[in-house]
Amino acid sequence: MQIFEHFQRWTCACVLALAATAALNGAQAQDKPVLNIIVPYPAGGPSDTSARRLAPELSKQLGQTVIVQNIGGAGGAIAAQNVLQSSPDGLTLMYATPNEVILVPAINPNAKYKPQDFTPIGVATRTPMMVVARTGLPVSNIDELIQYGKSAGRELTYGSVGPGSFQHILGAHMASQTKLNMIHVPYKGAAPLINDILGQQVDLMVTTLSTVRTFVDAGKIRSLGMMTKERSPLTPGTPTVNEGQSLKGMDFGLWGGLVAPANTPQAAQERLNEAFNRVINLQSVRDGIAASGGEPQPAMGLQELRKLYQGDAERYRELVKKLNIRVEN
């Protein structure tokens, strides 16, 4: 009986100690300012899902509360401008892709910012792009598509998630490279576009693997090839368009990660980058990225990230200029 009483007192002491430690840690986290991650789209989309996957782990690494906020509109421009108007103290970040921070200011003269106004903090995922077609189109690869398009006696239609989107630009690039007569059909997001592909209303779509993988695997949408240099480890059985004879030099993937205003202090950038890298090295995070159709990316330092970001900014600026695409909203 005496041993049992001693055990009870010891257990209570342990519980109280753990509770005190948790309370202290919670108080310390509350004492630190809140870190805000702005998502430039409504809740539930790929960017939102990715940001919310990172937020709790970043909170643990930084020892402070991390909140995800959704500010949609204007292809991400509203969120981007909101972030740039905040104090550049490392407490307001944006979960971004090249769509919002590179393409929007390149194609929309009403966007009041430039790619160099942002600096990358970390890249979590890269989603390979691919060309898909409605099942009623009598083609099974990129070479057959080009042959069919040149002999069909009609214009091919390709859909995108909106004017000036990465999908729009890559579709226009493909048309330019293959000399196919293609008409752009913009939609207000992926869901209505996929419905029309399934309904045989639109011929083609350049999209992310994660957007259509379920439909491709089910045979409801036909893959014509990945728009990447090498086959994706996520779907190694799917050829790239470069493996055909008619369309070469394609290497496009949509990365996603955190960016900050470029004038954020270097010390704050380094602290955030170090915490971010610890998070994306967690196996649970990497498994979540892969399960959602993305390729988990290796940890990168700030200098390597800036090289990637600046290279993409220059590459896509030249591509938009060549295609002469302009969108105003």
Side-chain angles (χ1 to χ4, degrees), residues 35-62 66-70 76 79 93-102 118 120-130 132 161 165-167 170 189-191 194 206-217 223 226-238 240 251-260 272-302 304-305 308-309 312:
L35 173 65
N36 295 284
I37 298 176
I38 306 299
V39 174
Y41 301 104
S47 291
D48 181 67
T49 300
S50 296
R52 294 181 189 278
R53 181 184 297 114
L54 297 174
E57 300 298 341
L58 274 174
S59 179
K60 294 175 186 176
Q61 295 294 335
L62 293 168
V66 178
I67 294 176
V68 176
Q69 299 181 52
N70 301 88
L93 308 177
M94 183 166 79
Y95 189 91
T97 71
N99 260 334
E100 306 85 39
V101 291
I102 294 175
F118 289 97
I121 295 299
V123 170
T125 179
R126 181 180 185 269
T127 303
M129 305 299 292
M130 67 188 305
V132 299
V161 297
S165 63
F166 199 45
Q167 293 84 342
L170 291 188
I194 289 173
V206 178
T207 185
T208 57
L209 170 63
S210 58
T211 300
V212 294
R213 185 174 185 178
T214 300
F215 300 101
V216 170
D217 290 346
S223 169
M226 307 300 299
M227 292 190 82
T228 49
K229 186 177 180 180
E230 299 175 348
R231 296 191 182 194
S232 171
L234 299 173
T235 175
T238 304
T240 74
D251 189 16
F252 295 101
L254 197 67
W255 54 257
L258 298 181
V259 300
L272 290 167
N273 173 252
E274 290 170 1
F276 182 94
N277 285 340
R278 290 194 294 271
V279 167
I280 62 169
N281 277 331
L282 295 173
Q283 193 60 48
S284 59
V285 171
R286 301 183 71 79
D287 288 345
I289 291 171
S292 64
E295 297 174 354
Q297 295 301 287
M300 289 184 277
L302 292 175
E304 187 177 4
L305 286 165
L308 168 68
Y309 183 82
D312 275 359

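All residue numbers refer to positions in the sequence shown, counting from 1.
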field: Partner residues of Asp287 under the side chain to side chain donor-acceptor pair (under 3.5 Å) criterion, sequence neighbours left out
entry: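 By the side chain to side chain donor-acceptor pair (under 3.5 Å) rule, Asp287 matches Gln283.
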- request: Apply side chain to side chain contact (heavy atoms under 4.5 Å, CB included) to Ala275 and list each qualifying residue two or more places apart in sequence or on a separate chain.
  value: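 Applying side chain to side chain contact (heavy atoms under 4.5 Å, CB included) to Ala275 gives Leu58, Gln61, Leu62, Arg278.
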field: Set of ring pair (Phe, Tyr, Trp, His ring centres under 6.0 Å) partners for Phe252, sequence neighbours left out
entry: His173
Residues which pass side chain to side chain donor-acceptor pair (under 3.5 Å) with Thr208, listed by chain and number, not counting sequence neighbours: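 With sequence neighbours excluded, Thr208 shows a side chain to side chain donor-acceptor pair (under 3.5 Å) to Ser210, Thr211, given in chain and number order.
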task: For Asp48, check side chain to side chain donor-acceptor pair (under 3.5 Å) against everything at least two apart and list the hits.
output: Arg52, Asn70
- prompt: Among all residues two or more places apart in sequence or in another chain, which pass the side chain to side chain contact (heavy atoms under 4.5 Å, CB included) test with Pro46?
  reply: none
Residues forming a side chain to side chain contact (heavy atoms under 4.5 Å, CB included) with Arg53, sequence neighbours excluded: Thr49, Ser50, Val285, Ile289, Ser292
- prompt: Sequence neighbours excluded, which residues qualify as side chain to side chain contact (heavy atoms under 4.5 Å, CB included) partners of Gln297?
  reply: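 Once residues adjacent in sequence are excluded, the partners of Gln297 under the side chain to side chain contact (heavy atoms under 4.5 Å, CB included) criterion are Val123, Arg126, Glu295.
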query: Say you draw a straight line from CZ of Arg286 to OG1 of Thr125; how long is it, rounded to the nearest 0.5 Å?
result: 9.5 Å
query: Considering residues at least two apart in sequence or located in another chain, which fulfil the ring pair (Phe, Tyr, Trp, His ring centres under 6.0 Å) criterion with Phe166?
result: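 Result, ring pair (Phe, Tyr, Trp, His ring centres under 6.0 Å) vs Phe166: Tyr316.
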query: Taking only residues two or more places apart in sequence or in another chain, which ones pass side chain to side chain donor-acceptor pair (under 3.5 Å) with Thr127?
result: none
- line: salt bridge (charged side-chain N to carboxylate O under 4.0 Å, His left out) filter on Lys60, not counting sequence neighbours, yields Glu57
